[in-house]
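Chain A is the first sequence line, chain B the second, and so forth, proteins listed ahead of strands; every chain is numbered from 1.
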There are 2 protein chains.
Amino acid sequence: MSERVVPEPQRRRRRPTKQGVVLSQELIVDTALRLVGQHGAEALTVRRLGAALGADPSAVYRYFHSTDDLLLALAEELIARAQQGWEPTGDWRADLREIGLRIHAGYRSHPQAALLAAHRTTGRAHEIAAVEAILGILRTAGFPDPEAVRIYHAFVDQSLGFAVLDAAALALPAAAQSADLRVWQASYARLDAEAHPHIAATAHLLAADMGRSGYPFALDLLLDAAEARLAAARR
Amino acid sequence: MSERVVPEPQRRRRRPTKQGVVLSQELIVDTALRLVGQHGAEALTVRRLGAALGADPSAVYRYFHSTDDLLLALAEELIARAQQGWEPTGDWRADLREIGLRIHAGYRSHPQAALLAAHRTTGRAHEIAAVEAILGILRTAGFPDPEAVRIYHAFVDQSLGFAVLDAAALALPAAAQSADLRVWQASYARLDAEAHPHIAATAHLLAADMGRSGYPFALDLLLDAAEARLAAARR
DNA sequence: AGCGTACGACAGCGCAGTTGACGTAGTACA
DNA sequence: TGTACTACGTCAACTGCGCTGTCGTACGCT
């Protein structure tokens, strides 16, 4: 990973492409997010991005050194959108729940960005604001600092992790999903109750949950546990 | 996704490759796992796999129709390894914790397989055994069936999600990690305490946690919450 | 011994990310 | 207004990817 060669301050020369489009970092990021949203994560390639922009694919490299760089910019944009129009209510539990659902929903449609965001740091304004907001909620709620930091990490990574898994499921081609359903019915639903009593007893429940995201429930579990620890710390 | 064209029952003809290796599904799976373990998830390509096997890359397609198929086999193998040598102790909380750590550790070195395993179903023996074991622990602990299924999903997806994120971090080239560290120090550590009081107060704690997996802590939170719900259900 | 075929090798397709050279169009300054 | 500079869009090409169709051969069966 080299230094950022591409100048961050705004560019001065703007020449339209052959198709008359004036490029910019924002336009490229927006177009990339639109591509991913419409055609899935696998549709995001430099070549397709160039086509969608109406420019030569290599023009992208005038604004980002690599796709890694571009994905970091996508991550920052998603963080920004997740915070847009959000105001804390003062109820720490409700606030965290709302933020969690927003992060999850935002990244769900952009799994590659979620993978990066989880362990890279953009160091830019919106990311810093998000960290500050979440830590602020926890600390003003009364969590001691070490606990607040640990819960912060668990909270963020949980929402990103579920988003990545859910996004991967959504990105599967329809044929693969129906194939899995067939495999499932052939393998699980017909197991005999003697060898696999627990699966047999809950097969109908497992089937009902297939394809639904378990994130909201997992988030509630995390908030339950956090609340219990807060009560214990106050005692 | 077509039907499985490659015959599952064991093959009869075995001709060594030019380099004298006799191929088989097991050998290919083992070699693929070794490749991923040694050189990261990105090292797993059909061409490199062929080279590691001492065979032409296209020979792999005699045993799996696609990389998707191969990854499903890797997933099944990882599930098998995670269960190897494990015996339930009867303490549901300790048992779940042990299983969670095993799944996390296993998939952590094989993120692509984890991504697939989370929302595909292999329908094969070891996967079924794992589902049966986890559900069994929850149901004999006393969780009502619907709750047991929901906790099962949250538990599995949490461990897979963290494994994917952690694996992605491990797979980053060393240069990217040091670049991020520099960005972090430049952006976060020097924030003024007025604009970002919460980050400033916990900067040292955040730095100490960088790069460490938050999974064990998040797992404990989930188990805490489950235990509380079990107590409530019994009451 | 001989036949049928499973399987390994080879060549090649389309697509991916990325790079370096090139020329032009826009800006800045006189 | 003119001129020099250079940012930026384009082009062509390199490497490596998953995957396929074809071919010959050596294995295992009868």
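- Between A/Thr67 and the phosphate of C/dT18, there is a side-chain N or O to OP1/OP2 separation shorter than 4.0 Å.
- For C/dG8, the base has a donor-acceptor partner in the side chain of B/Arg62 [N/O atoms by modelled type, under 3.5 angstrom].
- Whole-Å rounding puts the A/Leu70 CG to C/dG17 C1' distance at 12 Å.
- As rounded to whole Å, 16 Å separates atom C1' of C/dT18 from atom CZ of A/Phe64.
- For the pair A/Asp30 and A/Arg81, the salt-bridge criterion is met [side-chain N within less than 4.0 Å of a carboxylate O].
- No side-chain heavy atom of A/Leu221 sits less than 4.5 Å from a side-chain heavy atom of B/Leu221.
- Atoms CG (A/Asp69) and C1' (C/dT18) sit 14 Å apart, rounded to a whole Å.
- Contacts of residues 50-58 of chain A with DNA chain C (heavy atom under 4.0 Å): A/Ser58.
- Residue B/Val46 places its side chain closer to D/dG18 than to any other of C/dT18, D/dG18, D/dG9.
- Without hydrogens or angle criteria, B/Ser24 side chain to B/Leu27 main chain gives a donor-acceptor distance under 3.5 Å.
- B/Gly161 and A/Leu165 get closest at one heavy-atom pair: N-CD1, 3.6 Å.
- For the pair B/Phe217 and A/Ala154, the tightest heavy-atom approach, listed with the atom from each and the gap, is CD2-CB, 4.1 Å.
- Ring to ring, B/Phe162 and B/His104 are not that close: their centroids are 6.0 angstrom or more apart.
- Distance, A/Lys18 NZ to C/dT24 P: 12 Å, rounded to whole Å.
- B/Tyr61 places its OH atom 14 Å from the C1' atom of C/dG12, with the value rounded to the nearest Å.
- Distance B/Glu42 CD to C/dG17 C1': 13 Å, rounded to the nearest Å.
- Per the geometry, CZ belonging to A/Arg47 stands 15 Å off P belonging to D/dT10, to the nearest Å.
- Remark: P of D/dT20 and NE2 of B/His65 are 10 Å apart, rounded to the nearest angstrom.
- A 4.5 Å side-chain heavy-atom check between B/Tyr152 and B/Val131 finds at least one atom pair inside the cut-off.
- Comparing B/Thr17 and A/Arg48 by the nucleotide of DNA chain C that holds the closest heavy atom to each, the one mapping nearer the 5' end is B/Thr17.
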